[in-house]
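Counting begins at 1 with the first residue of the sequence.
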Amino acid sequence: MTTVFILVLLLIIWSMLFYHIFLMQGGYWLYSSYQKKAEKWQRNIPYYPTVSVLIPAHNEEVVIEDTLEAMSNLRYPIDKLQVLVINDNSSDRTGEICEAYHNRFPYIQVIHTKPPLGGKGKSAALNNGLQYATGEIICVYDADNTPEPDAIFWLVLGLMNDRKAGAVVGKFRVLNASKNLLTRLINIETLTFQWLAQAGRWFWFKLSTIPGTNFAIRRSILDELGGWDEGALSEDTELSFRIYDLGYHIRFFPNAITWEQEPETMKVWWRQRTRWARGNLYVIAKFFLHFFKMKHKRIGLDLLYFMFTYVFFFGVTIISQGLFIASFFTNLDISVGFVSLPLLIVGFLLFVIEELLALSFEKGQLTAKNIATVCLMYFTYSQLWIFLVIYAGCLELKRVILKQEVTWYKTKRFNQKDQPGQRSA
């Protein structure tokens, strides 16, 4: 009986591994073809729609100047562009810096919010900013992002040429990838996520997830949906599901690139990723409970993917590793035969191949240092996620049982002035 149980666990784990291989194949084919699509679209620009860029900012004095400098360098018709910084209850120099940029560039505007309307987190800040936005298209950037000059152009071009797209998602790169081991691990993780989960899902199923920054959405859709869900910690994922339920798809378009800062310490990483995991568990519960009321059941495929990732895959991994450790102390009579060792080796090799493929898609990333980091990643960084998901699950369960209010943790920023040459591709 125990052996049958183990075989079921292995079946679930390997189903996810093979599904990821399938997604990576799609990511490769998208990588091979998206530039041709971009060249074709460049020949079809009927007009430039008005665009409002929303930047929620709470105590961002360390990074906001670089962000606004990037905004001042955007290559998009100025008379069609509005940049709105929502200075959300900041107690540092964020507002002062933003006002200085407003004086130099009138299309950069600042909204200062205070409680009771301000200080409620990113979703509430975005909803506040939406009230002042005049654009036909809404773009969103985090306050630590420095988009490349053509980023807005590509996002808008995607919406103009794909009428079924409710939103277009660009690619983000890690600004401080070479800072330390943690940022190198995050850099590899984000590249793999984008070329496997985003590009692969888009290629095969016309599905991708809004990542919270560097995306464009039609204003009419936000109005129809009533803006962002202020109870969601992963407001981006939550919004994605509602866009799909309206019948639109979300296009992943890697031409639009932004650079963002990632956590440089484990403490900051843990708190940020806990918020993400809790947010995704909230989204899974919300849409699973209302699945039969949703109009477009195709989203069930993505809901199943999230459930497998955060519930089944992590669940069976935790159980299997727990049994593995327990077997050192007692005889559990567990055996799947001689294939145990080959399965472990093949699983490791599949992980390494997927990561290296993703690195090979980006110029200058397939280095000896990154290859060594990938091998280390399997036994360290990846295993950390197991403990993190358990912790996030406990916090979410506690919040539901005790009916606690959602509290939004703002990721700590780091000064990049002393780190020249961070952009590696």
Side-chain angles (χ1 to χ4, degrees), residues 16-39 144-148 150-151 154 169-204 208-209 211 213-214 252-264 266 269 273 309 344-385 416 419-425:
M16 282 298 287
L17 293 179
F18 280 116
Y19 184 58
H20 282 167
I21 295 170
F22 177 67
L23 291 182
M24 183 52 86
Q25 180 65 55
Y28 171 74
W29 279 334
L30 182 72
Y31 166 76
S32 305
S33 62
Y34 78 94
Q35 289 293 0
K36 291 181 181 176
K37 177 77 73 177
E39 290 171 10
D144 64 336
N145 269 226
T146 51
E148 296 197 346
D150 288 330
W154 288 119
V169 171
K171 185 173 67 175
F172 64 92
R173 294 294 314 276
V174 177
L175 180 65
N176 50 345
S178 59
K179 173 67 179 179
N180 56 36
L181 177 60
L182 177 61
T183 58
R184 283 199 297 277
L185 289 164
I186 295 172
N187 177 52
I188 295 168
E189 176 195 28
T190 56
L191 289 176
T192 306
F193 165 74
Q194 290 178 97
W195 284 115
L196 185 150
Q198 293 284 68
R201 282 159 61 226
W202 166 253
F203 183 86
W204 291 116
S208 62
T209 305
T213 188
N214 196 31
F252 176 65
F253 194 36
N255 283 66
I257 299 171
T258 189
W259 294 79
E260 73 173 18
Q261 190 184 99
E262 295 294 344
E264 295 182 0
M266 280 306 303
W269 178 88
R273 302 309 169 96
T309 301
L344 288 172
I345 295 172
V346 172
F348 170 72
L349 291 176
L350 285 177
F351 173 86
V352 170
I353 291 169
E354 285 173 358
E355 304 291 328
L356 297 187
L357 266 176
L359 291 176
S360 71
F361 297 164
E362 299 288 345
K363 183 180 178 183
Q365 291 297 309
L366 194 59
T367 63
K369 198 170 189 178
N370 274 346
I371 292 172
T373 305
V374 167
C375 295
L376 179 69
M377 189 176 187
Y378 183 82
F379 300 101
T380 55
Y381 187 83
S382 299
Q383 306 304 321
L384 272 179
W385 271 96
Q416 303 295 315
Q419 299 176 42
Q422 293 294 299
R423 300 189 185 209
S424 56

Of the non-hydrogen atoms in [X] and [Y], which two are nearest, and what is the gap between them?
X      : Y      : result
Val169 : Pro211 : CG1-CD, 3.4 Å
Ala38  : Phe253 : CB-CZ, 4.0 Å
Ala199 : Gly27  : CB-CA, 3.9 Å

Are the side chains of [Y] and [X] in contact, using a 4.5 Å heavy-atom criterion?
X      : Y      : answer
Thr183 : Asn187 : no
Pro254 : Trp154 : no
Glu39  : Tyr34  : no
Ile257 : Pro147 : no

State which residues pass ring pair (Phe, Tyr, Trp, His ring centres under 6.0 Å) with [X]; sequence neighbours excluded, sorted by chain then number.
X      : answer
Phe22  : Trp204
Phe193 : none
Phe203 : Trp29

Original post:
Would Leu359 and Val374 count as a side-chain contact (heavy atoms from CB on, under 4.5 Å) if you check the C-alpha gap in whole Å, the side-chain angles of each, and the deciding distance to 0.1 Å?
Top reply: CA-CA 10 Å; Leu359 291 176; Val374 167; 4.0 Å; yes

Original post:
How are the rings of Phe348 and Tyr378 set to each other: parallel, tilted or perpendicular (split at 30° and 60°)?
Top reply: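 Judged by the thresholds at 30° and 60°, the geometry between Phe348 and Tyr378 is perpendicular.
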
Original post:
Strictly by modelled atom types, are Tyr381 and Trp269 linked by a side-chain donor-acceptor pair under 3.5 Å?
Top reply: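 Yes, Trp269 and Tyr381 have a side-chain donor paired with an acceptor closer than 3.5 Å.
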
**OP:** Please determine, by modelled atom types, if Asn180 and Glu264 share a side-chain donor-acceptor pair under 3.5 angstrom.
**Re:**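 No, no side-chain donor-acceptor contact under 3.5 Å.
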
Subject >> Main-chain N/O of Leu185 paired with Thr373 side-chain donor or acceptor, under 3.5 Å >> reply: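 Pair absent, no side-chain N/O of Thr373 close to backbone of Leu185.
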
To the nearest 0.5 angstrom, please state how far the [atom1] atom of [X] sits from the [atom2] atom of [Y].
X      : Y      : atom1 : atom2 : value
Gln365 : Leu356 : CD    : CG    : 12.0 Å
Thr258 : Leu175 : OG1   : CG    : 9.0 Å
Lys171 : Phe361 : NZ    : CZ    : 11.0 Å
Trp202 : Leu23  : CH2   : CG    : 14.5 Å
Thr209 : Gln198 : OG1   : CD    : 5.0 Å
Glu355 : Phe351 : CD    : CZ    : 4.0 Å

Subject >> Pair Trp259-Asn145, side-chain contact (heavy atoms from CB on, under 4.5 Å): steps then yes or no >> reply: CA-CA 6 Å; Trp259 294 79; Asn145 269 226; over 6 Å; no

Original post:
Among all residues two or more places apart in sequence or in another chain, which pass the side chain to side chain contact (heavy atoms under 4.5 Å, CB included) test with Lys369?
Top reply: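 With neighbours one apart ignored, the set is Arg184, Thr367.
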
Subject >> Any residue meeting side chain to side chain contact (heavy atoms under 4.5 Å, CB included) with Thr380, in chain and number order, not counting sequence neighbours >> reply: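 Leu376.
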
**OP:** Begin from the C-alpha positions of Gln194 and Phe172 and carry the test side-chain contact (heavy atoms from CB on, under 4.5 Å) through to its verdict.
**Re:** CA-CA 8 Å; Gln194 290 178 97; Phe172 64 92; 3.4 Å; yes

**OP:** Would you please test Leu357 and Glu354 for side-chain contact (heavy atoms from CB on, under 4.5 Å) and show each step?
**Re:** CA-CA 5 Å; Leu357 266 176; Glu354 285 173 358; 5.8 Å; no

**OP:** Provide the full list of salt bridge (Lys or Arg N to Asp or Glu O under 4.0 Å) pairs with a residue in residues 19-33, sequence neighbours left out, each pair given once.
**Re:**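 Output for this query is empty, none listed.
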
Original post:
Taking Arg173 as the fixed residue, which of Glu262, Glu260, Glu362 is the one that meets the side chain to side chain contact (heavy atoms under 4.5 Å, CB included) rule?
Top reply: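 Considering Glu262, Glu260, Glu362, a side chain to side chain contact (heavy atoms under 4.5 Å, CB included) with Arg173 is found only for Glu362.
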
